[in-house]
Asks: 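Quick one: this structure, given as structure tokens, is what I'll be asking you about.
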Amino acid sequence: QVQLVESGGGLVQAGESLRLSCVASGSIFSAMNWYRQAPGKQRERVATISNGGTPNYADSVKGRFTISRDNAKNTVYLQMDGLKPEDTAVYYCNAWVLLRQYWGQGTQVTVSS
């Protein structure tokens, strides 16, 4: 059983930054993802990082968000710069372990204009 716990969300103004963290209860030797879900919209993938540290981003956040991971701390981060009101959503950490998908509880990010 893997537990993922996100933190770092909050209320900021447009143009400001936030850093989200996701701590896993154990070592995850696979890619880890950040997803988000805005009210009335489907959950969408924001960023992925491979076990080796290769990142991949949704077009909507390229150049503004940076995903990273510290395998020694079982933690993945999402640095969000230049936040826009359309980034407002609940952000979820996600990982597949042994063919099973795990989700965190989510952390709210609200960006005011």
Side-chain angles (χ1 to χ4, degrees):
Q1 187 79 5
V2 174
Q3 290 186 327
L4 303 174
V5 180
E6 303 99 333
S7 62
L11 171 63
V12 297
Q13 293 188 334
E16 294 184 340
S17 300
L18 280 174
R19 188 193 195 204
L20 306 183
S21 299
C22 170
V23 180
S25 58
S27 298
I28 296 181
F29 301 103
S30 63
M32 295 189 71
N33 309 287
W34 284 100
Y35 282 74
R36 67 186 180 187
Q37 187 166 20
K41 294 188 177 181
Q42 288 190 330
R43 193 171 295 190
E44 62 173 354
R45 187 188 68 87
V46 174
T48 298
I49 188 165
S50 70
N51 187 49
T54 301
N56 182 272
Y57 301 97
D59 288 343
S60 58
V61 305
K62 277 182 182 176
R64 300 188 298 121
F65 290 11
T66 303
I67 189 171
S68 61
R69 66 191 293 170
D70 185 336
N71 290 336
K73 296 182 179 179
N74 298 327
T75 302
V76 62
Y77 305 97
L78 187 67
Q79 176 67 39
M80 305 186 294
D81 299 318
L83 282 162
K84 303 176 181 180
E86 51 263 44
D87 295 318
T88 294
V90 178
Y91 283 71
Y92 298 91
C93 184
N94 164 274
W96 284 87
V97 180
L98 298 177
L99 302 180
R100 182 175 175 179
Q101 187 170 209
Y102 293 91
W103 294 93
Q105 83 287 352
T107 185
Q108 176 71 47
V109 172
T110 303
V111 185
S112 63
S113 57

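Counting begins at 1 with the first residue of the sequence.
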Asks: As a test of understanding, state which of Asn94, Thr54, Asn33 forms a side-chain hydrogen bond (donor to acceptor under 3.5 Å, both in side chains) with Thr48.
Replies: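 Per the side-chain hydrogen bond (donor to acceptor under 3.5 Å, both in side chains) rule, the option paired with Thr48 is Asn33, out of Asn94, Thr54, Asn33.
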Asks: When you check the side-chain N and O atoms of Asn56 and Arg45, is any donor under 3.5 Å from an acceptor?
Replies: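 Yes - a donor-acceptor pair under 3.5 Å links their side chains.
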Asks: Considering non-hydrogen atoms only, spot the tightest contact between Ser113 and Pro85 and give its length.
Replies: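 Here Ser113 and Pro85 meet closest at CB-CG, 3.8 Å.
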Asks: Under 3.5 Å, side chain of Arg100 to main-chain N/O of Gln1, donor-acceptor pair present?
Replies: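 No, the answer is negative, given that no donor and acceptor are paired below the 3.5 Å cut-off.
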Asks: Test side chain to side chain contact (heavy atoms under 4.5 Å, CB included) on Trp34 and Cys93 and set out the steps.
Replies: CA-CA 5 Å; Trp34 284 100; Cys93 184; 4.2 Å; yes
Asks: Are more than 12 heavy atoms, taken from residues, nucleotides or ligands other than Gln42, located less than 6.0 Å from that residue's CD atom?
Replies: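 No, CD of Gln42 has 12 or fewer neighbouring heavy atoms, counting only those of other groups under 6.0 Å.
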Asks: Is it possible for you to say whether Leu98 and Ile28 belong to one hydrophobic cluster, with membership spreading through side-chain heavy-atom contacts below 4.5 Å?
Replies: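 Yes; tracing contacts between hydrophobic side chains, which count when under 4.5 Å, links both residues.
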Asks: Can Glu6 and Leu20 be said to form a side chain to side chain contact (heavy atoms under 4.5 Å, CB included), step by step?
Replies: CA-CA 7 Å; Glu6 303 99 333; Leu20 306 183; over 6 Å; no
Asks: Looking only at non-hydrogen atoms, find the nearest pair between Ile67 and Pro55 and report the distance.
Replies: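 Taking every non-hydrogen atom into account, CG2-CB, 3.7 Å.
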Asks: Any link between Tyr35 and Leu18 through a network of hydrophobic side chains (Ile, Leu, Val, Met, Phe, Trp, Tyr) touching at under 4.5 Å?
Replies: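 No: no chain of side-chain contacts under 4.5 Å links Tyr35 to Leu18.
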Asks: Would Ser21 and Lys73 count as a side chain to side chain contact (heavy atoms under 4.5 Å, CB included) here? Give the steps.
Replies: CA-CA 11 Å; Ser21 299; Lys73 296 182 179 179; over 6 Å; no
Asks: Answer with yes or no whether the hydrophobic clustering places Tyr102 together with Leu78; edges join I, L, V, M, F, W, Y residues whose side-chain heavy atoms lie under 4.5 Å apart.
Replies: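 Yes; Leu78 is reachable from Tyr102 via cluster members.
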Asks: Nearest 0.5 Å, please: how far is CG in Asp81 from CD in Glu16?
Replies: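 So the gap between those two atoms works out to 11.0 Å.
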Asks: Check whether any side-chain heavy atom of Gln3 sits under 4.5 Å from a side-chain heavy atom of Gln105, and report yes or no.
Replies: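 Heavy-atom side-chain distance check fails, nothing below 4.5 Å.
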Asks: Passes side chain to side chain contact (heavy atoms under 4.5 Å, CB included), Leu4 versus Met32? Steps please.
Replies: CA-CA 11 Å; Leu4 303 174; Met32 295 189 71; 4.1 Å; yes
Asks: Using every non-hydrogen atom in the two residues, find where Ala38 and Ala89 come nearest and quote the distance to one decimal.
Replies: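 Heavy atoms only, the tightest pair is N-CB, 3.8 Å.
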Asks: What's the spacing between Cys22 SG and Trp103 CH2 if we round to 0.5 Å?
Replies: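 That separation rounds to 11.0 Å.
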Asks: Applying a strict under-4.5 Å side-chain criterion to I, L, V, M, F, W and Y, I'd like to know whether Tyr92 and Ile49 cluster together.
Replies: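 Unlinked, Tyr92 and Ile49 end up in two clusters.
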Asks: Inspect the contact between Lys84 and Asp87 and indicate whether a charged nitrogen and a carboxylate oxygen are less than 4.0 angstrom apart.
Replies: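 Judged by the 4.0 Å cut-off on N to carboxylate O distance, Asp87 and Lys84 do not form a salt bridge.
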Asks: Would you call Asn71 and Phe29 a side-chain contact if the rule is heavy atoms closer than 4.5 Å?
Replies: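 No; the side chains remain at least 4.5 Å from each other.
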Asks: For residues Gln108 and Leu11, determine if any side-chain heavy atom of one lies less than 4.5 Å from a side-chain heavy atom of the other.
Replies: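 Not touching, per the 4.5 Å side-chain cut-off.
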Asks: Hey, what do you get for OH (Tyr91) to OG (Ser7), rounding to the nearest 0.5 Å?
Replies: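 These two atoms lie 15.0 Å from each other.
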Asks: Is there a side-chain contact between Met80 and Val111, using heavy atoms and a 4.5 Å cut-off?
Replies: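 Heavy-atom side-chain distance check fails, nothing below 4.5 Å.
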Asks: Would you give the length of the straight line joining atom CZ of Arg43 to atom CZ of Arg36, rounded to the nearest 0.5 angstrom?
Replies: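 One finds 13.0 Å between CZ of Arg43 and CZ of Arg36.
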Asks: For the hydrophobic clusters of this structure (ILVMFWY residues joined by side-chain heavy atoms under 4.5 Å, transitively), does one cluster hold both Val76 and Tyr57?
Replies: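 Yes, one cluster joins them.
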